[in-house]
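None of the values given here were measured: they were computed from a predicted structure.
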Amino acid sequence: MGTSNSKKREGKRTRGFSASIVVVGCFILALLFFNFVLGNPANFVDNDPANHPLPNNYLGTIHKGGPVVCIVITLLMTTFALSIERGFAISKAKGKGDLINFVYDVNKCLQASDIKGAEALCDEQKGSVASIVLAGLKKYSDMETTTEIISKEQKLLNIQKEMEVATSLELPTMEQNLPVIAAITTLGTLFGLLGTVIGMIRSFAALANAGSPDSVALATGISEALVNTSLGIATGAAAIISYSFFTGKIDNMTYAIDEMGFAIVQTYAAKHKNN
């Protein structure tokens with residue numbers, strides 16, 4: 001019976017978009033943006049992308065950062081895309097109503113020993129949190145109606161275990177794609193620095209081949225190389241903000257689940273003191 005319920009819950013889980021598909025899609029978009037928007041001939045002197053960008057033309061300047069810019073833009077787009085996807089997924093996992101009010105109302109029903117009322121609230125709330133709480137409530141009812149000879153401690157353990165199993169099924173879907181965003185917090189900055197180093201090497205190599213120092217050319221080359229650093233830092237910052245925001249949301253839901261699990265077990269223990 002427990003295995004059947006677990007399979008049903010597992011079937012209800014909502015899978016988000018695969019991160020690999022998002023990365024490939026963002027890379028294609030970044031490549032098109034790099035070549036046709038940043039690399040538009042109108043951004044450069046004499047309409048030639050081989051020349052320097054026009055004065056104060058930031059699109060052309062970014063394009064001069066080189067191919068690594070395309071990778072950094074891919075990471076930035078991926079961060080935005082996965083953040084939007086996680087926003088919808090976590091909102092759905094939280095359920096329809098306010099989570100704090102849901103916890104308060106379920107606690108109120110538990111204090112009144114109104115298990116059916118608590119189950120009705122879970123059905124109304126929906127989402128992963130409600131699904132986990134509902135699993136605990138159903139196991140609570142099963143333990144009350146079971147004809148097996150089981151000690152009170154074992155019944156309490158069964159209720160707690162059921163909620164742990166339900167949590168282990170639901171939690172991975174809430175955390176899906178967050179490791180990718182966490183990786184981008186580092187990769188964005190590293191690729192930005194890589195692009196800058198490559199650009200600096202290229203600039204100094206060109207000056208060495210020219211035979212005489214050209215301060216204007218050197219300054220231009222360095223500014224174009226530093227485009228990678230600025231983009232990389234912006235990408236890393238965006239990923240850190242996104243990761244911190246969504247992990248905070250998940251922590252809040254985890255706290256609510258833990259509180260509900262404790263309340264359900266305590267309610268059963270208080271109601272069956274003499275068992």
Side-chain angles (χ1 to χ4, degrees), residues 1-2 5-16 83-146 152-178 241-275:
M1 187 70 161
N5 289 340
S6 296
K7 287 181 178 178
K8 286 180 182 178
R9 283 194 305 274
E10 190 171 8
K12 290 180 182 178
R13 290 184 293 160
T14 303
R15 283 286 180 188
S83 296
I84 293 170
E85 183 270 336
R86 282 296 85 196
F88 283 112
I90 291 177
S91 177
K92 189 170 184 179
K94 189 185 72 170
K96 291 185 175 180
D98 183 77
L99 192 59
I100 296 176
N101 289 338
F102 170 69
V103 171
Y104 175 79
D105 291 340
V106 171
N107 262 323
K108 200 172 177 182
C109 288
L110 289 173
Q111 289 171 8
S113 297
D114 183 9
I115 304 303
K116 293 298 180 184
E119 290 181 0
L121 288 172
C122 291
D123 289 334
E124 183 181 344
Q125 176 75 5
K126 301 188 181 303
S128 297
V129 176
S131 177
I132 294 168
V133 175
L134 184 60
L137 292 171
K138 287 190 177 299
K139 178 58 70 171
Y140 181 111
S141 299
D142 290 343
M143 290 299 97
E144 282 199 317
T145 57
T146 184
K152 175 185 172 182
E153 288 72 20
Q154 186 60 46
K155 290 179 178 179
L156 293 174
L157 188 62
N158 287 346
I159 295 171
Q160 190 174 5
K161 186 177 179 182
E162 182 68 14
M163 289 200 69
E164 288 175 356
V165 170
T167 302
S168 69
L169 290 173
E170 298 286 352
L171 194 58
T173 62
M174 290 189 274
E175 295 178 338
Q176 184 183 3
N177 293 333
L178 285 182
I241 292 170
S242 174
Y243 182 78
S244 301
F245 177 78
F246 289 118
T247 51
K249 289 284 187 184
I250 292 172
D251 285 344
N252 288 338
M253 287 190 281
T254 305
Y255 296 149
I257 292 167
D258 290 342
E259 184 177 342
M260 287 292 89
F262 179 77
I264 291 170
V265 170
Q266 288 298 106
T267 299
Y268 189 92
K271 190 176 178 181
H272 300 82
K273 287 183 180 179
N274 301 324
N275 287 14

Straight-line distance of [X] [atom1] to [Y] [atom2], nearest 0.5 Å:
| X | Y | atom1 | atom2 | result |
| --- | --- | --- | --- | --- |
| Leu157 | Glu153 | CG | CD | 10.0 Å |
| Met174 | Lys94 | CE | NZ | 13.0 Å |
| Ser131 | Glu170 | OG | CD | 4.5 Å |
| Leu171 | Ile257 | CG | CD1 | 7.0 Å |

Measure from the side-chain N and O atoms of Thr247 to the backbone N and O of Ser244, and report whether any donor-acceptor pair falls under 3.5 Å. yes

For a quick test of reading the model, state the closest non-hydrogen atom pair linking [X] to [Y] and the distance between them.
| X | Y | result |
| --- | --- | --- |
| Gly136 | Ile159 | O-CG2, 3.9 Å |
| Lys271 | Ser113 | CD-OG, 4.3 Å |
| Tyr268 | Lys155 | OH-CD, 3.0 Å |
| Val129 | Phe102 | CG1-CE2, 4.2 Å |

Answer yes or no: are there more than 12 heavy-atom neighbours, outside Glu124 itself, under 6.0 Å from its atom CD? no

Taking C-beta and beyond as the side chain, do Lys139 and Ile264 meet within less than 4.5 Å on heavy atoms? no

Report yes if the side chains of Ile115 and Leu110 come closer than 4.5 Å at any heavy-atom pair, otherwise no. yes

